[in-house]
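Beneath this line is the structure, given in structure tokens, with notes to follow.
First the proteins, then the strands, lettered A, B, ... as listed; each starts at 1. Note that this is a predicted model, so its numbers are computed, not measured.
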There are 2 protein chains.
Amino acid sequence: MLPAERKRRIVELVTAADGRSVEALADELGYSKATIRRDLQELESQGLIERSHGGAVPVTSVGHEQAYGQKEVQNLEAKRAIAERAVEELTEGQVVFFDAGTTTMQVAQSAPKDGSMLAVTNSPRLAVELGKEENDVKLTGGTLRRRTRSLVGPTAESFLERTNFDLLFLGANAVDVETGLTTPNEEEARVKELMVKRASRVVLVADATKIGERSFVTFADLSDIDMFITAGEIDDETRERFEAEDVTVVVATPEAPTL
Amino acid sequence: MLPAERKRRIVELVTAADGRSVEALADELGYSKATIRRDLQELESQGLIERSHGGAVPVTSVGHEQAYGQKEVQNLEAKRAIAERAVEELTEGQVVFFDAGTTTMQVAQSAPKDGSMLAVTNSPRLAVELGKEENDVKLTGGTLRRRTRSLVGPTAESFLERTNFDLLFLGANAVDVETGLTTPNEEEARVKELMVKRASRVVLVADATKIGERSFVTFADLSDIDMFITAGEIDDETRERFEAEDVTVVVATPEAPTL
DNA sequence: ACCTTATGTTACCCGCTGAGAGAAAACGAC
DNA sequence: GTCGTTTTCTCTCAGCGGGTAACATAAGGT
């Protein structure tokens with residue numbers, strides 16, 4: 001691969017996924033970490049990306065200094081591992097709903113784009129990602145929430161009241177065995193509640209940092225979930241409580257699967 | 001093979017594949033690497049390609065990452081000029097609909113993001129652009145058409161049947177005094193028709209290359225338009241016919257205003 | 001016959017890449 | 001907060017492949 005082409009792809013990968021680790025880039029592009037770092041250095045000086053320990057993130061349009069630390073980049077690794085596992089749940093011809101969120105974005109990136117499914121989402125970003133090649137994509141419509149870049153409100157809700165899905169990839173800010181799945185925003189909770197109701201099978205994707213967290217509004221109980229794909233350290237109590245509700249718990253490992 | 005022909009094919013090969021190695025070019029064209037390098041040197045000095053260690057890549061329109069992956073925006077200068085003029089039509093507190101399209105994308109990029117308007121669009125890409133800072137953004141929802149990246153179908157239509165806008169920035173593939181505004185796709189035409197109907201004021205943005213073109217389905221007549229902002233050479237007949245229908249015709253000039 | 005232009009060959013130079021040692025940063029525990 | 005550990009970053013060096021330039025050769029034009 002040509003250096004210029006490699007740099008272009010780095011920018012693509014980093015901006016599309018809200019950041020990527022040096023290791024992941026080295027892995028995916030087949031170059032050493034040293035080379036990736038040199039590229040990142042150059043790309044940063046060109047203002048195309050922003051570096052942080054462990055990787056790089058897209059340029060933040062305004063002040064919105066994110067100051068990604070190592071932890072955030074590690075979470076990216078975890079999300080990628082989750083995504084790799086999650087796409088195994090896809091089967092030909094399904095109608096699949098992708099919830100808005102950074103973890104589901106990773107799932108969308110890993111998903112095949114060969115037209116084998118009908119993808120539906122409430123996130124414009126995921127819509128653009130999912131629609132890259134052959135897939136059919138539908139968007140719920142509605143009001144764009146800035147924080148999460150998801151569509152909410154009456155338009156989104158009325159869409160979800162008249163549609164049905166085979167599979168749902170659901171994200172969550174907070175997963176707790178007592179309060180269930182919670183999120184800070186009421187409108188968003190309402191939309192998530194509807195998508196859970198409308199899906200035959202619900203796959204929750206959330207890294208372990210979300211476990212034990214509680215937020216404002218509950219939108220689903222543990223029993224609403226069919227499968228929980230996570231990464232990192234999951235405590236035994238949580239796992240048992242999920243399994244008591246017949247939820248399949250899968251812990252994805254960030255190890256590179258193919259070498 | 002003639003040298004000129006070889007150079008032309010090199011440019012083709014390089015641009016088609018997002019880059020190509022010297023070795024591959026030498027191989028495919030049946031010349032030594034030395035000759036290919038000499039060609040690349042010349043082609044680079046002409047600005048037709050960009051060299052990179054081991055080969056060459058297509059020219060990149062100034063750092064802006066967006067240029068990658070998708071086809072570069074044609075007539076970018078004209079569209080920028082149109083956009084600069086178009087945003088002058090915005091006033092505080094309006095509900096503004098942005099039609100999907102490359103020209104309207106430029107308008108969206110030039111538009112203030114200070115929360116002074118409610119932006120509505122049928123393009124996920126424009127939604128992301130418009131929602132960058134403070135503005136409220138709503139999306140119609142619907143099925144994503146791959147070619148134009150716009151949302152169409154029943155969901156989009158039903159949204160447009162119950163909403164109203166103060167201002168519409170409308171794009172068009174083809175503008176002709178006889179056939180009116182036309183587009184190749186029926187579903188898209190239907191959506192455009194509805195947005196025109198729902199807007200109090202319609203501003204058509206289209207560079208002069210669209211004038212005189214005709215496409216399959218008509219979605220608006222000249223009389224539906226309130227203002228036509230264009231750039232380039234507009235013939236007198238077209239201008240007169242528009243003005244006879246009380247359309248304000250504005251020709252934006254691509255001169256850089258600040259240097 | 002001579003010159004010009006185009007192409008290939010060769011030898012040397014330079015830039016890219018990857019590996020490793022030391023410095024720096026981030027994280028977790030206290 | 002501070003400390004120690006771990007990970008990542010920076011820097012340097014060496015190897016390799018591509019780039020450059022000079023030269024040789026061949027073809028076409030004058």
Practice problem: To the nearest Å, give me how far apart CD1 (B:Ile10) and P (C:dA6) are. | Solution: 14 Å
Quiz item: What integer distance in Å separates A:Arg6:CZ from C:dG15:P?
Solution: 16 Å
Quiz item: What residue pairs, at least two apart or across chains, pass ring-ring contact (aromatic ring centres under 6.0 Å, His included) with a residue in residues 97-128 of chain A?
Solution: A:Phe97-A:Phe165, A:Phe98-A:Phe169
Self-check item: Interatomic distance where CD belongs to A:Glu42 and P belongs to D:dT10 [whole Å]
Solution: 14 Å
Quiz item: The side chain of B:Pro3 lies closest to which of these nucleotides: D:dC9, D:dT20, C:dT7?
Solution: C:dT7
List, with names and distances, any nitrogen or oxygen atoms from the protein found under 3.5 Å away from nitrogen or oxygen atoms belonging to nucleotides 18-21 of chain C.
from, atom 1, to, atom 2, distance (Å)
C:dG18, OP2, A:Ser32, N, 3.1
C:dG18, OP2, A:Ser32, OG, 2.9
C:dG18, OP2, A:Thr35, OG1, 2.3
C:dG18, O5', A:Ser32, OG, 3.4
C:dG18, N7, A:Arg38, NH2, 2.5
C:dG18, O6, A:Arg38, NH1, 3.4

Exercise. Using atom CG of B:Leu25 as one end and atom C1' of C:dT7 as the other, report the distance to the nearest whole Å.
Key: 16 Å
Polar atom pairs (N or O), protein with nucleotides 14-17 of chain D, under 3.5 Å:
none

Quiz item: Atom CZ of B:Arg37 to atom C1' of C:dT10: distance rounded to whole Å?
Solution: 13 Å
Quiz item: Any ion pair linking A:Asp136 and B:Arg146 (charged N to carboxylate O, less than 4.0 Å)?
Solution: yes
Exercise. Any pair with a residue in residues 189-236 of chain A that passes ring-ring contact (aromatic ring centres under 6.0 Å, His included), sequence neighbours left out, goes on the list, sorted by first then second residue, please.
Key: A:Phe228-A:Phe242
Quiz item: What is the distance from atom OG of B:Ser123 to atom CG of B:Leu130, rounded to the nearest 0.5 Å?
Solution: 8.5 Å
Exercise. Could you check how far CG of B:Asp39 sits from C1' of C:dG8, rounded to whole Å?
Key: 13 Å
Quiz item: Between B:Ser32 and B:Thr35, do the side chains contain an N or O donor and an N or O acceptor separated by less than 3.5 Å?
Solution: yes
Exercise. Write down the atom of B:Lys7, the atom of B:Leu43, and the distance for their closest heavy-atom approach.
Key: O-CD1, 3.9 Å
Quiz item: Any idea which heavy atoms bring A:Leu40 and A:Ala56 closest together, and the distance?
Solution: CD2-CB, 3.9 Å
Quiz item: A:Arg51 side chain N/O closer than 4.0 Å to the phosphate oxygens (OP1, OP2) of C:dA25?
Solution: no
Quiz item: Do A:Gln106 and A:Thr103 have a side chain donor and acceptor closer than 3.5 Å?
Solution: no
Exercise. Answer yes or no: is there an ion pair linking B:Arg20 with B:Glu28, defined by an N-O contact shorter than 4.0 Å?
Key: yes
Exercise. Using atom CD of B:Glu44 as one end and atom C1' of D:dT20 as the other, report the distance to the nearest whole Å.
Key: 14 Å
Self-check item: Pairs satisfying salt bridge (Lys or Arg N to Asp or Glu O under 4.0 Å), at least one member in residues 103-118 of chain A, at least two apart
Solution: A:Lys113-A:Glu129
Quiz item: Do the charged groups of A:Asp176 and A:Arg214 touch, with an N to O distance under 4.0 Å?
Solution: yes
Practice problem: Please report, rounded to the nearest Å, how far the C1' atom of D:dC9 is from the CD atom of A:Glu23. | Solution: 14 Å
Could you list the protein-to-nucleotides 26-30 of chain D atom pairs, N/O on both sides, closer than 3.5 Å?
none

